[in-house]
Amino acid sequence: HVQLVESGGGSVQAGGSLRLSCEASKYSYSNNGMAWFRQTPGKEREGVAVVWTNDGSSHYADSVKDRFTISLDQSKTTVYLEMTNLQVEDTAMYFCATGGISYNDYRSFRRRAYTIWGQGTQVTVS
């Protein structure tokens, strides 16, 4: 059973940067993609970025494109989210997710597509 643990959240001023990490307890061939989502109170959890483990290709939400970068380590057990030029509207709890989706799955930004979630890490931009 794969478990995910996020880290790297914190408080930063607008325009600043943060790097989030999400470590999986083990590699699984069924984890075709690893994604980052975010959620603020009272709102739906929204997909931010996804990286496909077989070829390292990625996809981003329009709101973070050109500011955020998702990447995998060589072991394919840790996914990173490099966030630059952070804005107040980026403030949220950030979650990583995996499992339940196929390569290049059209559901990659749908919360219910994923079966494994981390506990989240808070990012606050002021």
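Here the structure is a predicted model, which means the values were calculated and not measured.
- Between L4 and M34, some side-chain heavy-atom pair lies under the 4.5 Å cut-off.
- A cation-pi geometry, defined here as NZ or CZ lying under 6.0 Å from the six-membered ring centre and within 45° of its normal, does not hold between R111 and F37.
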As a quick check of understanding, evaluate side chain to side chain contact (heavy atoms under 4.5 Å, CB included) for V50 and Y114, giving each step before the final call.
CA-CA 12 Å; V50 60; Y114 293 85; 3.8 Å; yes

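- More than 12 heavy atoms of other residues, nucleotides or ligands shown are found within 6.0 angstrom of CD on E89.
- You'll find the side chain of V79 reaches within 4.5 Å of the side chain of V51, heavy atoms only.
- Note: the hydrophobic cluster containing I101 does not contain V2 (ILVMFWY, side chain heavy atoms under 4.5 Å, direct or indirect links).
- Using a 3.5 Å distance cut-off with no hydrogens or angles, the side chains of Y80 and D73 do not pair a donor with an acceptor.
- Relative to the six-membered ring of F95, R45 meets both conditions, a distance below 6.0 Å and an angle of at most 45° to the axis.
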Verdict with reasoning, Y103 to D55, per side chain to side chain donor-acceptor pair (under 3.5 Å)
CA-CA 9 Å; Y103 170 69; D55 63 5; 2.6 Å; yes

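- Residues G9 and L20 come closest through the heavy atom pair N-CD2, 3.6 Å.
- Across all their heavy atoms, G33 and T98 have their closest contact at O-OG1, 2.8 Å.
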V64 and R38: CA distance, side-chain angles, deciding distance, side chain to side chain contact (heavy atoms under 4.5 Å, CB included) verdict:
CA-CA 11 Å; V64 305; R38 65 186 182 186; 3.9 Å; yes

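- Side-chain contact between D90 and F68 is present, with at least one heavy-atom pair separated by less than 4.5 Å.
- Between T69 and L81, every side-chain heavy-atom pair lies at or beyond the 4.5 Å cut-off.
- The shortest side-chain heavy-atom distance between H59 and F109 falls under the 4.5 Å cut-off.
- The two residues G47 and A61 make their nearest non-hydrogen contact at O-CB, 3.5 Å.
- The shortest distance between side-chain heavy atoms of T40 and T91 does not fall below 4.5 Å.
- Side chains of I70 and Y60 form a contact here, defined as non-hydrogen atoms less than 4.5 Å apart.
- Annotation for Q87: atom CD counts as buried by contact number, over 12 foreign heavy atoms lying within 6.0 Å.
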Quick one, E23 with Q3, criterion side chain to side chain contact (heavy atoms under 4.5 Å, CB included). Give me CA distance, side-chain angles, the key distance, then yes/no.
CA-CA 8 Å; E23 184 174 359; Q3 293 181 313; over 6 Å; no

Please walk me through it: do L72 and T53 pass side chain to side chain contact (heavy atoms under 4.5 Å, CB included)?
CA-CA 8 Å; L72 274 173; T53 56; 3.8 Å; yes

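- By the 4.5 Å heavy-atom criterion applied to side chains, W52 and D105 are counted as neighbours.
- Within 6.0 Å of atom NZ in K26, 12 or fewer heavy atoms from other residues, nucleotides or ligands are found, so the atom counts as exposed in its surroundings.
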